[in-house]
Number of protein chains: 2
Amino acid sequence: MEAATAVETIQREMTVFARRARASAGRLHPELSLVSYTLLGHLEERDGCRATDLAAHYALDKSTVSRQVTALERAGLVERRQDPEDHRVQVLHLTAAGRRILGQVTVSRRAAVGERLAEWSREDLERFAGYLMRYNAWPGPAEDA
Amino acid sequence: MEAATAVETIQREMTVFARRARASAGRLHPELSLVSYTLLGHLEERDGCRATDLAAHYALDKSTVSRQVTALERAGLVERRQDPEDHRVQVLHLTAAGRRILGQVTVSRRAAVGERLAEWSREDLERFAGYLMRYNAWPGPAEDA
DNA sequence: CGCCGCGAGTTGTACTCTGCAACCAGTACC
DNA sequence: GGTACTGGTTGCAGAGTACAACTCGCGGCG
């Protein structure tokens, strides 16, 4: 495979994944949209962060994040805390309920994805995961595709 | 890295990519949405197919595809041809204009993605592309995430 | 101190994408 | 012919999103 072809393939396959992921997320977990899930996941991973950080990480407009967070807060899954240093920012944290729901969804997602990856060798899994992280870690503006 | 962790990471990173891809697609190519681009790409790859096939491949509702195709046809990028065998189906084909636009977008996308992948060895590129294809080739229902 | 620029977040507005349900048209099988 | 199925369209409603305009708090500079 030529390098340009590989790049092309990476693009196309990532896009297929993206579309299918969005399409099926709602069906699998009606209680938590793909958006909400990823935001909660990020909060858990970072143990709290600002709305602006979420927007930057997912290349979303801050208004979009604001609305999503509002919904998550109304659902009792997320908590806003005032930053004592800077009264402009609100640090977001998972609530106990948020952590619980996130755990449930993660389990069922892992089952679905794990089924697809069941035949993969551990080495392939790790390399694949590594490639994805490496790709996403690119520091530039999120001009992925 | 444990296998479950790798699965988790794959999920999360794929999702990050998915979200960023959608976010930036519109900015890079205002003339062709991510959806339209992928549909056109699929048509080129398969050299024509039915609307239902597109819906199945991307896990989209047939109504959604119908509307997208209508838009693409209005834009003169896609052509519907009656199947002489079965008058229900309409086989979709790229027009010359569609092929041209698709080519332009592909070039600019490849430039953007290629920049990110510039430092990668050819071996890594090919392995990454292979993993993605392998993942998406899973035959089951598109319960990706 | 008071003004100005900046950064975080919210709200108004409009648009796209999407799915579901209801429907029409053509096909296949009895 | 009638019934069931398939491909596709249309009406409707809802989620996600961006952009612009706004508020509020922080920090520098005269």
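Computed over heavy atoms, backbone and side chain alike; hydrogens, waters and symmetry mates excluded. Here is how names work: the chains are called A, B, and so on, in the same order as the sequence lines, proteins then strands, and each is numbered from 1.
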K.L.:
Look at the side chain of Arg88(B) and the base of dT6(D), then say whether one donor and one acceptor between them are separated by less than 3.5 Å.
P.N.:
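Pair found.
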
K.L.:
With respect to the side chain of Gln68(A), which nucleotide from dC17(C), dG25(D), dT17(D) is positioned closest?
P.N.:
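Output: dT17(D).
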
K.L.:
Please report, rounded to the nearest Å, how far the P atom of dG8(D) is from the CD atom of Glu73(B).
P.N.:
13 Å

K.L.:
Scan Val35(B) against the nucleic acid and name what it touches under 4.0 Å (heavy atoms): base, sugar-phosphate only, or nothing.
P.N.:
sugar-phosphate

K.L.:
Under 4.0 Å, heavy atoms only, any strand: does Arg67(B) hit a base, just the sugar-phosphate, or nothing?
P.N.:
base

K.L.:
Figure out the CG/P separation between Asp61(A) and dA18(D), and round it to whole Å.
P.N.:
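After rounding, the reported distance stands at 5 Å.
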
K.L.:
Quick one: Arg81(B) CZ to dG8(D) P, roughly how many Å, whole number?
P.N.:
15 Å

K.L.:
Calculate the interatomic distance between Glu85(A) atom CD and dG25(D) atom P; express it in whole Å.
P.N.:
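Distance, rounded to whole Å: 17 Å.
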
K.L.:
Which of the following nucleotides, dA20(D), dC20(C), dG8(D), is nearest to the side chain of Lys62(B)?
P.N.:
dG8(D)

K.L.:
What's the CG-C1' distance between Leu60(A) and dA8(C), to the nearest Å?
P.N.:
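After rounding, the gap between these two atoms is 16 Å.
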
K.L.:
Could you tell me how far apart Arg50(A) (CZ) and dC26(D) (C1') are, to the nearest whole angstrom?
P.N.:
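That distance rounds to 13 Å.
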
K.L.:
Can you tell me if Glu45(B) has over 12 outside heavy atoms packed within less than 6.0 Å of its CD?
P.N.:
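Yes, because the 6.0 Å sphere around CD of Glu45(B) holds more than 12 heavy atoms from other groups.
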
K.L.:
On DNA chain D, compare the nucleotides closest to His87(A) and Val69(B); which residue's is nearer the 5' end?
P.N.:
Val69(B)

K.L.:
Is any side-chain N or O of Thr52(B) closer than 4.0 Å to OP1 or OP2 of dG8(D)?
P.N.:
yes

K.L.:
Could you state the atom-to-atom distance from CZ of Arg20(B) to C1' of dG16(D) in whole Å?
P.N.:
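From Arg20(B) CZ to dG16(D) C1': 18 Å.
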
K.L.:
What is the ring orientation for His42(B) with Tyr58(B), classed by angle as parallel under 30°, tilted 30 to 60°, or perpendicular over 60°?
P.N.:
perpendicular

K.L.:
Touch check for Asp86(A), heavy atoms < 4.0 angstrom, all strands: base, sugar-phosphate only, or nothing?
P.N.:
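Sugar-phosphate: the residue Asp86(A), judged by heavy atoms under 4.0 Å, touches backbone atoms but no base.
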
K.L.:
Compare side-chain N and O positions of Gln90(B) against OP1 and OP2 of dT9(D) and report whether any pair is under 4.0 Å apart.
P.N.:
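For dT9(D), OP1 or OP2 has a side-chain N or O of Gln90(B) closer than 4.0 Å.
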
K.L.:
Between atom CZ in Arg80(A) and atom C1' in dA8(C), what is the gap in whole Å?
P.N.:
12 Å

K.L.:
How close do Gly76(B) and Thr95(B) get, counting heavy atoms only, and between which atoms?
P.N.:
O-OG1, 2.7 Å

K.L.:
Do NZ/NE/NH1/NH2 and the carboxylate oxygens of Arg50(A) and Asp83(A) come within less than 4.0 Å?
P.N.:
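Salt bridge: no.
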
K.L.:
Any salt bridge between Arg134(B) and Asp124(A), counting N to O under 4.0 Å?
P.N.:
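Counted as a salt bridge, because a side-chain N and a carboxylate O are separated by less than 4.0 Å.
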
K.L.:
Quick check on dG16(D): is either OP1 or OP2 less than 4.0 Å from any side-chain nitrogen or oxygen of Ser33(A)?
P.N.:
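It does, given that an N or O in the side chain of Ser33(A) lies less than 4.0 Å from OP1 or OP2 of dG16(D).
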
K.L.:
Looking for any heavy atom pair under 4.0 Å, which part of the strands does Thr64(B) touch: base, sugar-phosphate only, or nothing?
P.N.:
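The answer is base, as Thr64(B) lies within the cut-off (heavy atoms under 4.0 Å) of a base atom.
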
K.L.:
Taking only the side-chain heavy atoms of Ser66(A) (C-beta and beyond), determine which of dC20(C), dT9(D), dT10(C) contains the nearest atom.
P.N.:
dT10(C)

